[in-house]
Amino acid sequence: MRVEYQERLHLLESSLQEQGTLCLRAIRGAVDALTTQDVELCDEVIAFDDEIDDRYHRIEKMVEETLALETPVASDLRLVLAVLHNSIHLERIGDQSVTIAKLTKLSAKFEPHHELVEGLREMGDRCEEMLRVALDSFAERNVERARSLVELDELVDRTNHRVTDKVLEMAATPGQQEWGMRMIIVSRCLERIGDNAVDMGEQTVFLATGEFGAFEDASH
């Protein structure tokens, strides 16, 4: 029974990593679609979200079954709770990627501002990196690497501010207002993806140390 229980915990954590891989694909697809104005790729990202949601519901069900079968010891309970929390964050990242894809699709008729698109692509690349760090540090129980997410998040936040300032500069340009306002929302979605990655890093610290606390320098 104990061997079966440990296998279930291993499967639970593996399922989280699989969900994370799907989210990495969603972020990459959304950023590539934004950069190239590829409407078909937008549709793929939107449809792909069903698979991310399905993984989340599977993990949720596995958590319920795991807790029903056996009362976990403290370290196992932390793992179960951390996996559930992170799965929720991944589901949100999937939703944020969908929002980016939908806004890109709606904005396809407008001429993009290339400097602004480059800033958004930079944010997207950084967010993808942050999610990889969050997933890897969780798998490795690497507290130091998880804490490095704070510095990466600061870079995303700075780019978000630059994008917003640039859109405000464009406000007086005919034909750019609507596109620019949508890109502010895209920028905000990317900023939130970074925040979710930071939250996952906090779960790594909780799992490794048994103590939970928000990273002091993280801006939520």
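Side chains included, hydrogens not; waters and symmetry mates left out as well; all remaining heavy atoms used.
The shortest non-hydrogen separation linking Cys23 to Leu131 is CB-CD2, 3.8 Å. The shortest heavy-atom contact between Thr99 and Cys189 is CG2-SG, 3.5 Å. For the pair Cys42 and Ala101, the tightest heavy-atom approach, listed with the atom from each and the gap, is SG-O, 3.4 Å. Scanning all heavy atoms of the two residues, the minimum distance from Val143 to Ala208 falls at CG2-CB, 3.6 Å. Considering every non-hydrogen atom in both Ala146 and Gly201, the closest pair reads CB-O, 3.6 Å. The two residues Thr204 and Ser137 have their closest heavy-atom pair at CG2-O, 3.4 Å.
Cluster annotation: Leu84 and Leu22 are assigned to distinct hydrophobic clusters (Ile/Leu/Val/Met/Phe/Trp/Tyr, side-chain heavy-atom contacts under 4.5 Å, transitive). By the rule that hydrophobic residues join a cluster once side-chain heavy atoms approach within less than 4.5 Å of another member, Ile52 and Leu12 end up as members of separate clusters. Both Ile185 and Ile193 are part of a single hydrophobic cluster, where members link through side-chain heavy atoms under 4.5 Å apart. Hydrophobic clustering (side-chain heavy atoms under 4.5 Å, transitive across Ile, Leu, Val, Met, Phe, Trp, Tyr) keeps Phe48 apart from Leu41. The hydrophobic clustering, which links ILVMFWY residues whose side-chain heavy atoms are closer than 4.5 Å, places Leu106 and Val163 apart.
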Audit row: Thr164, Arg188, side-chain contact (heavy atoms from CB on, under 4.5 Å) steps and yes/no: CA-CA 9 Å; Thr164 302; Arg188 176 59 177 161; over 6 Å; no
Verdict with reasoning, His85 to Phe206, per side-chain contact (heavy atoms from CB on, under 4.5 Å): CA-CA 11 Å; His85 278 292; Phe206 168 66; over 6 Å; no
Step-by-step side-chain contact (heavy atoms from CB on, under 4.5 Å) determination, Met183 to Leu34: CA-CA 10 Å; Met183 292 307 105; Leu34 176 67; 3.8 Å; yes
Arg141 vs Glu13, salt bridge (charged side-chain N to carboxylate O under 4.0 Å, His left out): CA-CA, chis, key distance, verdict: CA-CA 12 Å; Arg141 313 298 194 258; Glu13 191 165 358; 2.6 Å; yes
Full working for side-chain contact (heavy atoms from CB on, under 4.5 Å) between Thr35 and Leu120: CA-CA 8 Å; Thr35 303; Leu120 293 168; over 6 Å; no
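Within the 4.5 Å cutoff, side-chain heavy atoms of Arg78 are placed close to those of Ser75. A heavy-atom distance below 4.5 Å is found between the side chains of Leu77 and Leu67. His113 places a side-chain heavy atom less than 4.5 Å from the side chain of Trp179. A 4.5 Å side-chain heavy-atom check between His10 and Gln6 finds every atom pair outside the cut-off. With a 4.5 Å cut-off on side-chain heavy atoms, Thr159 and Arg162 count as touching. At least one side-chain heavy atom of Val167 sits under 4.5 Å from a side-chain heavy atom of Leu116. Residues Ile88 and Tyr56 are in side-chain contact: their nearest non-hydrogen atoms beyond the backbone lie under 4.5 Å apart. You'll find the side chain of Cys127 reaches within 4.5 Å of the side chain of Val156, heavy atoms only.
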Please list, one pair per line, the donor and acceptor atoms closer than 3.5 Å that link side chains of residues 24-33 to other protein atoms, with sequence neighbours excluded.
{"unit_1": "Arg28", "atom_1": "NE", "unit_2": "Glu128", "atom_2": "OE1", "d": "3.0"}
{"unit_1": "Arg28", "atom_1": "NH1", "unit_2": "Asp32", "atom_2": "OD1", "d": "3.0"}
{"unit_1": "Arg28", "atom_1": "NH2", "unit_2": "Asp125", "atom_2": "OD1", "d": "2.7"}
{"unit_1": "Arg28", "atom_1": "NH2", "unit_2": "Glu128", "atom_2": "OE1", "d": "2.4"}

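Atom-to-atom distance recorded for Asp153:CG and Met130:CE is 4.0 Å, nearest 0.5 angstrom. Expressed to the nearest 0.5 Å, how far CD of Glu202 lies from NE2 of His89 amounts to 7.5 Å. Interatomic distance, Gln96 CD to Ile100 CD1, rounded to the nearest 0.5 Å: 7.5 Å. Here the CG-CG distance, from Leu149 to Asp199, works out to 10.0 Å after rounding to the nearest 0.5 Å. Considering OG of Ser187 and CG of Leu103, their distance stands at 11.5 Å, rounded to 0.5 Å. Here CE of Met62 is found 9.0 Å from CG of Leu9. Values are rounded to the nearest 0.5 Å.
A distance-only check finds no donor-acceptor pair linking the side chain of Arg55 to the backbone of Leu16 [under 3.5 Å]. When atom types are taken as modelled, the side chain of Ser107 and the backbone of Thr104 share no donor-acceptor pair closer than 3.5 angstrom. Within the 3.5 Å criterion, the main-chain N or O of Val205 finds no donor-acceptor partner in the side chain of Glu211. Looking at Asn196, its side chain does come within 3.5 Å of a backbone N or O of Arg192 through a donor-acceptor pair.
Looking at Arg58 and Asp54, a side-chain N of the basic residue comes within less than 4.0 Å of a carboxylate O on the acidic one, giving a salt bridge. Remark: Glu118 engages Arg121 in a salt bridge, criterion side-chain N to carboxylate O under 4.0 Å. Under the 4.0 Å criterion applied to side-chain N and carboxylate O atoms, Glu122 and Arg126 are not assigned as salt-bridge partners.
For residues 85-105, the set of pairs meeting the salt bridge (charged side-chain N to carboxylate O under 4.0 Å, His left out) definition, not counting sequence neighbours, comprises Asp43-Lys105.
Residues passing the salt bridge (Lys or Arg N to Asp or Glu O under 4.0 Å) test with Glu115, sequence neighbours excluded: Lys166.
Gln19 and Ser87 share a donor-acceptor pair across their side chains, judged by distance under 3.5 Å alone.
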